[in-house]
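The structure appears right after this line, and notes come after that.
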Amino acid sequence: MTSTTVPAPAAPPSSTPTENQPIRIGVLALQGAFIEHVHLLERVAQHLSVPLSFPLIRTAADLDPKSLHGLVIPGGESTAIALVAERSGCLDALRTYVRARPTWGTCAGLILLSQSATHAKQGGQQLLGALDVSVDRNAFGRQAESFMAPLHIKGITDTALDGTHVPLEGVFIRAPVVTTLGDHVDVIGTVTGPKGDERIVAVRQGHLLGTSFHPELTQDTRVHKYFVDMVLKHVQAAGDSS
Amino acid sequence: MSFTPAANLANGHAAAASSQVSEEQLRQQFILKAGLAQNLKGGVIMDVVNAEQARIAEEAGAVAVMALERVPADIRKDGGVARMSDPKMIKEIQAAVTIPVMAKVRIGHLVEAQIIQHLAVDFIDESEVLTPADETHHIDKHAYKIPFVCGARNLGEALRRVNEGAAMIRTKGEAGTGDVVEAVRHARTMMSEIRKAQHMSADELYNYAKEIGAPYHLLKETARLGRLPVVNFAAGGVATPADAALMMQLGMDGVFVGSGIFKSGDPAKRAKAIVQAVTHFNDPAVLATVSEDLGEAMVGINCDTLPEAEQFAKRGW
């Protein structure tokens, strides 16, 4: 059985898909830009021999770590997603799930994965608390301060086959940044904000990935490929241990 | 169904926009503007007239609030000229919540838009609910750093607004009535016209662009995508969770609720119910639960008894 309450990266669940069953990577579809993630994941899947499927996730029953092998929490409004999750009865299932299986949060999803958030609404907001970081919401300001910037992410190549340098295009929309880090969290991406200061915008903690920018709003599949690889490795490890 | 607005629209926008801005800057601006709208999808945007209502909306799970002095139902009742809100009130609402704040300007009133942009509002609604300031021209929305949403009744109108730089479209519906019939008409019209365009040959599409007054490059892109090239919300007459879910099932990306919440008996409860309904729009069990015991809905005005001069949807060109 899957361990459900340990905050550190837990042992992978023991059940793995058989050869005929696709690996299922869900996209949380309570609110936000979820379909964009599905489209980019589908493009990644076209270049892989492993069968993959990308169900939309809206209920606690959808969040079974035994049958769902990875999860993307999309951008949107983190307050709205948290409130809808709570009222839809899937907050606890999410908390359990993200401790067991690879999960990637983008923008609002990063906020939800984190331990604590500053500049939250009055009275605070519900968080999943699995990613050992603090985030600052809307750290760059309102929409007028939203910006795009080239990015390098550790573990993702930015050299094309012909040797040209192709950095990722970071889309920062009312974006959060990571302000404090736990011991097991790796910084894999930073950006120089419009005011010239270096801010943490991508982190990895074992099976968890957090990005404050929106790869799903570009046509570049590299970050999605990176996450699919995380899920495939995790499934592989689960198979090895069973 | 694909959803890839930015890359495909950059060229058209560059052609339409004023000269100092580079094509690359326009492409990036469009990704940022349309991207904020994409983040709002599957959510509810609520009209609020003060900080207290804004907090109720935020706690209900609104993805944004629309700051305005009078909700459309009161604009109807009071009559007279309806204008941009007092900046002081907008600032109070900005200070009260962390979700995006939108504000309305009159159609064609570029100075109201400049003022709202200066206040660092997150989204501008160039809205037929306010009294139009220009009976020919809409605002050149490419010239602003913050995104615009505009109302539309059909595909041609929607694509004219996108051509002017709108990063988001909403149905006009008939605001302040509590009657969803016009919003349904506008959503059905748009979806039907998109499906029609999808099946047209190239020569038919040129003619269709002329017929509906749509820029050809945007119509072609819409036909390719099978949807508008920007996010498309429902607005104008949504009063119940069932209304909201209906608009989602008709293919809208999210819902604006104006008078429907704060003109009802129990605004906080109704607001929460509409938020749940937009997420679970395909689940009758959830819809039945959230529709229970909501208190009185706004009284409402039947759209078919509304004199033509009082129909907001007729405003805009």
Side-chain angles (χ1 to χ4, degrees), chain A residues 28-36 38-40 42-43 56 58-59 74-90 106-108 117-125 137-138 141-149 169 171-175 213-214 216-220, chain B residues 1-8 24-25 27-29 31-44 55 58-64 94 96-102 117-124 144-147 231 253-254 272-273 275-276 278-283 286 290:
Chain A
L28 192 67
L30 298 176
Q31 189 274 317
F34 47 85
I35 207 72
E36 289 80 351
V38 174
H39 292 151
L40 285 191
E42 280 169 350
R43 281 181 47 201
L56 295 178
R58 290 197 169 95
T59 65
E77 274 305 311
S78 65
T79 53
I81 298 174
L83 288 166
V84 173
E86 193 174 4
R87 290 178 198 139
S88 305
C90 54
T106 57
C107 197
T118 50
H119 291 122
K121 71 173 175 65
Q122 285 176 38
Q125 69 176 88
R137 286 184 71 216
N138 304 337
R142 298 180 188 277
Q143 175 64 10
E145 263 63 60
S146 293
F147 66 101
M148 287 173 66
E169 195 162 43
V171 179
F172 295 90
I173 297 176
R174 291 171 46 95
F213 53 97
H214 292 278
E216 77 282 9
L217 300 183
T218 71
Q219 298 303 306
D220 192 327
Chain B
M1 188 173 68
S2 181
F3 191 82
T4 55
N8 309 305
E24 173 58 16
Q25 280 172 313
R27 184 189 71 87
Q28 293 199 4
Q29 265 194 21
I31 291 175
L32 294 169
K33 290 174 172 181
L36 177 57
Q38 283 167 275
N39 280 341
L40 299 174
K41 283 191 302 176
V44 183
R55 283 287 301 130
E58 184 173 52
E59 286 303 326
V63 289
Q94 285 176 312
V97 295
T98 64
I99 54 178
V101 175
M102 301 185 166
Q117 170 161 271
H118 180 76
L119 298 174
V121 159
D122 296 288
F123 231 108
I124 299 176
Y144 295 77
K145 204 181 169 202
I146 55 175
V231 165
D253 294 317
K272 282 181 200 171
V275 168
Q276 288 301 108
V278 167
T279 295
H280 301 285
F281 65 91
N282 261 331
D283 187 337
V286 173
V290 301

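Quick note on labels: first sequence line is chain A, next is B, and so on, each numbered from 1.
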Item to check | Selection from A:R137, A:Q125, A:E42, A:R142 maximising heavy-atom pairs under 4.5 Å formed with chain B | outcome: A:R142

Checklist outcome for this item: Of B:G61, B:P100, B:A120, the largest count of non-hydrogen pairs under 4.5 angstrom with chain A goes to B:P100

Checklist entry - Is B:L40 close to B:F123 at the side-chain level, that is, under 4.5 Å between some pair of heavy atoms? => result yes

Checklist entry - Between A:A108 and chain B, which part of the residue has a heavy atom less than 4.5 Å away: side chain, backbone, both or neither? => result neither

Checklist entry - What residue in B:Q94, B:Q29, B:K33 has the most heavy-atom pairs under 4.5 Å with chain A? => result B:Q94

Next on the checklist: Hydrogens and angles aside, do B:T98 and B:E58 bring a side-chain donor and acceptor to less than 3.5 Å of each other?
Outcome noted: yes

Checklist entry - Stepwise, does the side chain to side chain contact (heavy atoms under 4.5 Å, CB included) test hold for B:V275 with B:V63? => result CA-CA 9 Å; B:V275 168; B:V63 289; over 6 Å; no

Next on the checklist: Under 4.5 Å from any heavy atom of chain B, what part of A:T79 do you find: side chain, backbone, both or neither?
Outcome noted: side chain

Item to check | Residues in side-chain contact (heavy atoms from CB on, under 4.5 Å) contact with A:A85, at least two apart in sequence or another chain | outcome: A:L30, A:C90, A:L91, A:L94

Item to check | Contacting moiety of B:Q117, where chain A heavy atoms sit under 4.5 Å | outcome: neither

Checklist entry - Side chains of A:E36 and B:Q38: donor-acceptor distance under 3.5 Å anywhere? => result yes

Next on the checklist: Please classify the contact between A:A82 and chain B as side chain, backbone, both or neither, with a heavy-atom cut-off of under 4.5 Å.
Outcome noted: neither

Next on the checklist: With a 4.5 angstrom heavy-atom cut-off, is it the side chain or the backbone of A:R174 that approaches chain B, or both, or neither?
Outcome noted: side chain

Item to check | By salt bridge (charged side-chain N to carboxylate O under 4.0 Å, His left out) - contacts of A:E169 (at least two apart) | outcome: B:R27

Checklist entry - Top residue by heavy-atom pair count (under 4.5 Å) with chain B, among A:P74, A:A80, A:A29? => result A:A80

Item to check | Residue part contacting chain B, namely of A:H119, when any heavy atom lies under 4.5 Å | outcome: backbone

Checklist outcome for this item: Of A:S78, A:G75, A:A33, the largest count of non-hydrogen pairs under 4.5 angstrom with chain B goes to A:A33

Checklist entry - Heavy atoms, side chains only, cut-off 4.5 Å: are A:L28 and A:I81 in contact? => result yes

Checklist entry - Does any heavy atom of chain B fall under 4.5 Å from the side chain of A:F34, the backbone, both, or neither of them? => result neither

Checklist entry - Does the side chain of B:M102 reach to within under 4.5 Å of the side chain of B:D122, using non-hydrogen atoms? => result no

Checklist entry - Is it the side chain or the backbone of B:V97 that comes within 4.5 Å of chain A heavy atoms, both, or neither? => result neither

Next on the checklist: With a 4.5 Å cut-off on side-chain heavy atoms, are A:Q122 and B:R55 touching?
Outcome noted: yes

Next on the checklist: Taking side chain as everything from C-beta outward and backbone as N, CA, C, O, which of these in B:Q276 sits under 4.5 Å from a heavy atom of chain A? Side chain, backbone, both or neither.
Outcome noted: side chain

